[in-house]
Amino acid sequence: MRISPKELLAQRGQLDKDVVAVIVDGKIVDLHTPIDPPEKLDVLRQDNPKALEIIRHSTAHVMADAVQKLFPGTQVTIGPAIDNGFYYDFARPDHKHFTDADLAQIEAKMVEIIAGAHDFRRDVVSRDEAKKLFSQMGETFKLEIIDAIPADQDISLYRHGDWMDVCRGPHVPNTRFLQGVKLTSVAGAYWRGQESNPMLQRIYGTAFPSKKALDAYLKQLEEAKARDHRKLGKELDLFMMSDLAPASPFFLPRGAFVYNTLIDFVRKQYARRGYREVITPQIFDKALWERSGHWANYRENMFMAFGADAAEDVHEGRTPRGIPLSDVFVSASDKTKEKLAGSHLDYVCGCKAMNCPSHCVMFGAQRRSYRELPLRIADFGRLHRYERSGVTHGLTRVRTFSQDDAHIFCTPEQMQDEIAKFMDFFYAVYDALAFNKIEIRLATRPEKRLGTDAMWDQAESALSKALDEKKLAYIVSEGEGAFYGPKLEFHITDAIGRSWQLGTIQVDYNLPERFELEYIGADNTAHRPVMLHRAILGSIERFLGVYIEHVAGAFPVWMAPEQIALLTVADRHNDYAHQIRAELEAKGIRVVVDDSNEKLGGKIRNARNLRIPYLGVLGDKEVEARAVALRSRTEGELGSIALDTVIERLVKESAYPLS
RNA sequence: GCUGGCGUAGCUCAAUCGGUAGAGCGCCAGUUUUGUAAACUGGUGGUUGUGGGUUCAAGUCCCGUCGCCAGCUCCA
């Protein structure tokens with residue numbers, strides 16, 4: 001005999017005022033949904049983080065209610081809870097969008113509805129009933145949703161007050177549970193996430209069990225904003241952007257120093273981990289990309305290049321021949337394509353978007369022996385990818401970047417060991433850089449793929465075995481692998497909660513095939529090698545963006561563009577400052593002297609704003625004692641310390657990790 | 001690429017209904033000689049992203065374009 005948890009709890013006298021739902025067999029069930037009386041029943045209280053999702057989804061219902069009351073004729077679609085809140089997508093009959101003023105109005109209406117302390121109710125109806133109900137209401141999107149519900153599933157309606165929605169739940173018992181509600185933004189979103197579908201109006205919001213929890217969240221958001229790498233990049237003179245090269249950072253001296261130091265750090269590891277570094281061309285004949293498959297599959301993300309002669313052909317409007325340009329620039333807007341119509345080029349080159357094809361060319365240029373394998377080829381080459389406008393973002397999604405990229409050519413038998421070695425390398429680097437929250441995803445075979453099932457079995461198991469051996473938790477992204485092979489992706493979250501893929505390791509059977517790569521085995525016959533694509537930091541640009549936020553601009557001593565700022569108390573200390581600057585620099589320490597006529601407080605403020613790890617105050621006492629009044633970014637004032645001791649300390653802290 | 005918002009001094013921002021473009025910081029000069037998070041005075045700084053239109057008059061209104069921001073889609 002099924003019974004609702006609400007009744008069950010009431011019978012047991014456990015229906016406390018703060019109970020949002022129950023947990024049965026580890027699953028959250030709201031108080032409305034009938035269950036078989038379980039042996040064990042845990043209650044989920046309002047302040048439990050697990051209750052957030054229920055609160056947020058219920059808030060989405062209230063928002064949809066408010067919207068429909070204020071904007072009659074607006075259709076509802078879906079409104080799930082998400083990581084930091086919820087959203088609901090609407091279709092407005094007039095195709096208008098919601099303004100900020102609308103949001104305020106909607107929020108006020110929501111508060112009104114919540115104050116009504118309406119119970120949520122759950123009703124199960126037949127498919128026909130549901131369809132009849134919603135078609136009467138003119139909710140065409142809901143009809144599509146009902147049709148998409150599997151036949152063996154109940155169709156439940158959730159109501160509060162006079163409003164209802166087809167919904168699986170779960171929901172809170174009463175609108176009074178919805179305190180701490182805020183609408184945050186509006187945006188367009190495609191129906192069912194398909195670009196070809198109509199665009200709906202999405203309203204984002206968030207909700208917490210209390211006003212206090214909401215305020216704490218809003219404050220945290222603000223703090224995250226303060227460490228946004230785009231803001232810090234400007235404040236710390238790390239990089240700049242220009243309209244003249246959209247989505248392409250200009251690294252200023254301080255940023256370039258950090259950038260190069262990261263590369264240098266990885267390079268030092270390569271030296272001891274059996275990698276050989278190469279330098280490869282930037283622009284290649286189109287034939288290379290045809291062979292690698294990029295021309296067919298990746299062309300719209302590539303920058304094209306051609307010589308002055310060819311460009312002149314187009315400009316002068318010479319006889320059409322060769323490749324139609326509209327065909328080359330597949331990603332161009334319709335307007336650009338119109339302009340290009342009739343223009344042809346004999347010869348087109350592609351600016352490299354990836355290093356792998358040129359590494360294949362290098363591998364294939366010689367007869368290779370199994371004794372050379374595994375061959376690990378590293379390349380920090382600059383890549384260009386034509387990212388569609390609207391997807392770029394600070395340093396984390398740019399059109400030009402370089403990666404700590406390497407390709408490992410090996411035998412199928414060597415693959416697993418190489419993956420394990422990579423995992424060691426990877427975690428050594430991330431430990432050294434103080435990252436401890438990294439999410440691993442194993443992306444497995446997609447529907448459209450190359451290679452035999454046996455190959456995929458081997459590759460996927462090599463990846464998962466390496467993870468299991470290292471006892472690393474991971475999420476399987478079913479079908480998310482590349483068409484040429486499965487991969488591991490390493491994701492990290494930035495200050496504002498956006499997740500970015502940094503490192504990766506991918507198994508590739510495709511390119512060795514396309515480039516007909518071979519090595520001579522111990523049996524004196526030719527074999528095809530496996531190719532592993534791998535990067536640890538991934539795009540240096542993206543990594544740096546995430547890293548700036550991770551450390552809030554305070555780079556560790558070994559990476560900091562300036563390690564110590566010497567601040568003179570008065571003019572008469574300037575000579576001493578320059579004298580010890582030379583001594584520090586002779587030991588390889590990066591020094592900046594502030595001998596301006598700013599007061600000491602001002603100098604300290606400026607240096608601290610640049611997050612310089614050490615400040616050395618120089619006054620009469622220091623000059624006399626050949627000392628530095630040291631102040632550490634993390635430890636505060638350390639008092640007057642002998643120059644030699646300071647040098648020793650800085651030299652020690654300048655060492656790269658893992659060295 | 002799509003939906004919406006926004007582009008004013010190097011930076012952060014102001015400018016009421018369409019009516020003489022401002023402030024702070026920075027920068028430059030001078031004064032001050034300073035002991036642990038902002039000394040004082042003066043000066044400098046603009047084709048209001050850009051092209052067009054409406055108007056006696058446009059930072060403000062309209063159209064195009066470029067860029068940025070949020071989200072969507074994309075990221076073999």
Side-chain angles (χ1 to χ4, degrees), chain A residues 82 87 89 95-100 102 184-204 228 230-231 234-235 237 240-247 292-302 331-335 353-354 356 385-394 396-398 446 448-450 480-485 487 489 496 498 500-501 504 506 508 510-511 533 539 542 567-574 595-609 615-622 629-631 636-640:
Chain A
I82 52 174
Y87 67 79
D89 286 346
H95 297 287
K96 279 192 189 150
H97 55 270
F98 296 103
T99 64
D100 285 349
D102 292 338
T184 47
S185 61
V186 247
Y190 301 106
W191 166 235
R192 304 223 137 149
Q194 302 241 332
E195 219 168 342
S196 51
N197 282 345
M199 189 161 263
L200 307 171
Q201 289 300 320
R202 173 173 298 180
I203 301 180
Y204 283 92
D228 186 318
R230 291 167 299 182
K231 185 173 148 76
K234 219 178 264 178
E235 286 173 10
D237 284 328
M240 56 166 269
M241 294 287 183
S242 162
D243 289 2
L244 297 170
S292 70
H294 288 92
W295 193 260
N297 296 308
Y298 201 69
R299 189 171 23 143
E300 61 180 32
N301 289 298
M302 287 173 68
S331 56
S333 67
D334 289 348
K335 272 181 207 156
M354 295 170 192
C356 28
R385 293 184 188 173
Y386 185 78
E387 299 285 0
R388 290 205 289 177
S389 71
V391 307
T392 60
H393 180 93
T396 46
R397 186 95 180 253
V398 292
K448 269 178 76 178
R449 59 176 183 264
L450 294 173
E480 292 293 308
F483 71 86
Y484 54 74
K487 58 183 173 182
E489 292 176 352
I496 321 171
R498 275 181 278 234
W500 299 99
Q501 183 196 314
T504 181
Q506 314 188 2
D508 186 353
N510 177 45
L511 281 181
H533 306 246
S539 149
R542 174 177 294 177
L567 315 177
T568 54
V569 174
D571 284 353
R572 63 180 177 278
H573 311 120
N574 289 354
D595 58 4
S596 67
N597 63 1
E598 196 87 41
K599 288 181 76 165
L600 183 61
K603 294 183 185 184
I604 286 172
R605 188 186 141 83
N606 291 338
R608 282 190 55 98
N609 282 342
L615 309 186
V617 174
L618 309 176
D620 291 337
K621 276 183 282 178
E622 285 71 32
L630 202 63
R631 176 174 167 145
E637 279 184 64
L638 301 170
S640 213

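Here is the naming used below: chain letters follow the sequence lines, and residue numbers restart at 1 for every chain. Atom set for the values below is all heavy atoms of this structure, side chains included, hydrogens, waters and symmetry mates excluded.
Between B/rG26 and B/rG46, the two C1' atoms lie 16 Å apart (nearest whole Å).
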Produce a footprint string for nucleotides 4-14 of chain B: one letter per nucleotide, 5' end first; B if the base is under 4.0 Å from any protein heavy atom, S if only the sugar-phosphate is, - if neither.
-> SS-----SS--
Base versus backbone protein contacts along nucleotides 23-28 of chain B [heavy-atom cut-off under 4.0 Å; B, S, -] | ------
Base versus backbone protein contacts along nucleotides 41-48 of chain B [heavy-atom cut-off under 4.0 Å; B, S, -] | --------
Could you walk me through whether A/T568 and A/D595 pass the side-chain hydrogen bond (donor to acceptor under 3.5 Å, both in side chains) check?
-> CA-CA 6 Å; A/T568 54; A/D595 58 4; over 6 Å; no
Can you list the steps and then say if A/R572 with A/E622 is a salt bridge (Lys or Arg N to Asp or Glu O under 4.0 Å)?
-> CA-CA 12 Å; A/R572 63 180 177 278; A/E622 285 71 32; over 6 Å; no
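With sequence neighbours excluded, the residues satisfying side chain to side chain contact (heavy atoms under 4.5 Å, CB included) with A/S185 are A/Y204. Remark: A/R192 pairs with no residue by the side chain to side chain donor-acceptor pair (under 3.5 Å) rule, at least two apart or across chains. With sequence neighbours excluded, the residues satisfying ring pair (Phe, Tyr, Trp, His ring centres under 6.0 Å) with A/W500 are A/H393. The side chain to side chain contact (heavy atoms under 4.5 Å, CB included) check on A/N510 picks up A/L450, A/F483, A/Y484, A/D508, A/R514, with sequence neighbours excluded. Applying the side chain to side chain donor-acceptor pair (under 3.5 Å) criterion to A/R299, with sequence neighbours excluded, gives no partner residue. Scanning for side chain to side chain contact (heavy atoms under 4.5 Å, CB included) contacts around A/P446 gives A/R449, A/W456, with sequence neighbours left out. Under the side chain to side chain contact (heavy atoms under 4.5 Å, CB included) criterion, A/N606 pairs with A/E598, sequence neighbours left out. A/E489 pairs by the side chain to side chain donor-acceptor pair (under 3.5 Å) definition with A/K487, A/H491, not counting sequence neighbours.
Side-chain to base pairing of A/D571 with B/rU33: one donor and one acceptor N or O lie within less than 3.5 Å of each other. You won't find any donor-acceptor pair under 3.5 Å spanning the side chain of A/E637 and the base of B/rG35, going by distance alone.
In RNA chain B, the stems built from three or more successive Watson-Crick or G-U pairs (distances below 3.5 Å) are B:1-7 with B:66-72, B:10-13 with B:22-25, B:27-31 with B:39-43, B:49-53 with B:61-65.
Residue A/I604 places its side chain closer to B/rU36 than to any other of B/rU36, B/rC72, B/rU34. Listed candidates were B/rC69, B/rA38, B/rU34. Nearest to the side chain of A/R230 is B/rC69.
Annotated as syn: B/rC17, whose glycosidic dihedral is within 90° of 0.
Taking atom CZ of A/R631 as the reference point, atom P of B/rG35 lies 15 Å away to the nearest angstrom.
What you find for A/M302 and A/A353 is that their closest heavy atoms are CG-CB, 4.3 Å.
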